[in-house]
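Counting begins at 1 with the first residue of the sequence. Just so it is clear, the model here is predicted, and its values are computed rather than measured.
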Amino acid sequence: METLMVILVGILISIGTYLILSKQLLRIVLGASIVGHSVNLLIITSGGLKKGSAPLLGEKAAGFADAIPQALILTAIVINFAVTAVVLVLSYRAYKSFGTDDMEQLRGNENE
């Protein structure tokens with residue numbers, strides 16, 4: 001199962017990289033979001049499946065499940081969503097101000 005997840009992460013990273021290298025601003029934002037989610041998937045896969053009970057102090061269980069990868073992923077998902085929302089608002093504002101979302105035209109290279 002881990003091999004399948006790593007292959008899926010590789011596919012998502014390649015799709016995100018392809019979108020980041022495009023010229024339209026919306027594709028760049030979506031590519032960065034896909035790369036962020038694929039890294040989250042990689043972290044959760046590297047955490048592995050641990051069998052055991054919840055890590056509570058009162059129980060007398062032999063093994064405990066590690067909750068740190070899930071906590072890291074939950075925090076990363078919230079941060080990724082917030083950053084994507086801010087960048088989408090900024091890209092919308094740039095589109096309204098300049099009338100285009102093409103990175104070559106937004107670059108402002110007329111003085112070079």
Undergrad: Applying side chain to side chain contact (heavy atoms under 4.5 Å, CB included), can you list everything that pairs with Ile34, at least two apart in sequence or on another chain?
TA: Leu12, Ile15, Leu19
Undergrad: Side chains of Ser33 and Asn80: closer than 4.5 Å at any heavy-atom pair?
TA: yes
Undergrad: Could you pull out the closest heavy-atom pair between Ile13 and Ser38, with the gap in Å?
TA: CD1-OG, 3.3 Å
Undergrad: Any chance you could pull the hydrophobic cluster mates of Tyr95, using side-chain heavy atoms under 4.5 angstrom and chaining through other members?
TA: none
Undergrad: Please answer: with hydrophobic residues joined when any side-chain heavy atoms are less than 4.5 Å apart, are Val83 and Tyr92 in the same cluster?
TA: no
Undergrad: My understanding is that only residues two or more places apart in sequence, or in another chain, count here; which of them pass side chain to side chain contact (heavy atoms under 4.5 Å, CB included) with Val86?
TA: Leu90
Undergrad: Could I get the full list of side-chain hydrogen bond (donor to acceptor under 3.5 Å, both in side chains) partners for Gln70, not counting sequence neighbours?
TA: none
Undergrad: Is there a donor-acceptor pair under 3.5 Å between the side chain of Ser14 and the backbone N or O of Ile11?
TA: yes
Undergrad: State, without any angle test, whether Thr100 and Gln105 hold a side-chain donor-acceptor pair at a distance under 3.5 Å.
TA: yes
Undergrad: Cluster question for you: counting only ILVMFWY and a side-chain heavy-atom cut-off of under 4.5 Å, with indirect links fine, are Leu8 and Ile44 together?
TA: yes
Undergrad: How many angstroms lie between atom CD1 of Ile68 and atom CD1 of Ile73, to the nearest 0.5 angstrom?
TA: 12.5 Å
Undergrad: Tell me, please, which residues at least two apart from Thr17 pass side-chain hydrogen bond (donor to acceptor under 3.5 Å, both in side chains).
TA: none
Undergrad: Could you see if Leu88 belongs to whatever hydrophobic cluster contains Ile20? Use Ile, Leu, Val, Met, Phe, Trp, Tyr and a side-chain cutoff under 4.5 Å.
TA: no
Undergrad: Could you list who else is in Leu74's hydrophobic cluster, with ILVMFWY side chains joined at under 4.5 Å, directly or through other members?
TA: none
Undergrad: Hydrophobic cluster membership, with links at side-chain heavy-atom distances under 4.5 Å among I/L/V/M/F/W/Y: are Leu41 and Ile77 in one?
TA: yes
Undergrad: Applying a strict under-4.5 Å side-chain criterion to I, L, V, M, F, W and Y, I'd like to know whether Ile43 and Met1 cluster together.
TA: no
Undergrad: To the nearest 0.5 Å, how far apart are CG in Asp101 and CG in Leu106?
TA: 7.5 Å
Undergrad: Counting only heavy atoms from other residues, nucleotides and ligands, does the tally under 6.0 Å from CG of Leu21 exceed 12?
TA: yes
Undergrad: Could you list the donor-acceptor pairs under 3.5 angstrom formed by side chains in residues 23-32, with sequence neighbours left out?
TA:
unit_1, atom_1, unit_2, atom_2, d
Gln24, OE1, Arg27, NE, 3.3

Undergrad: Output all residues satisfying side-chain hydrogen bond (donor to acceptor under 3.5 Å, both in side chains) with Thr75, sequence neighbours left out; order by chain, then residue number.
TA: none
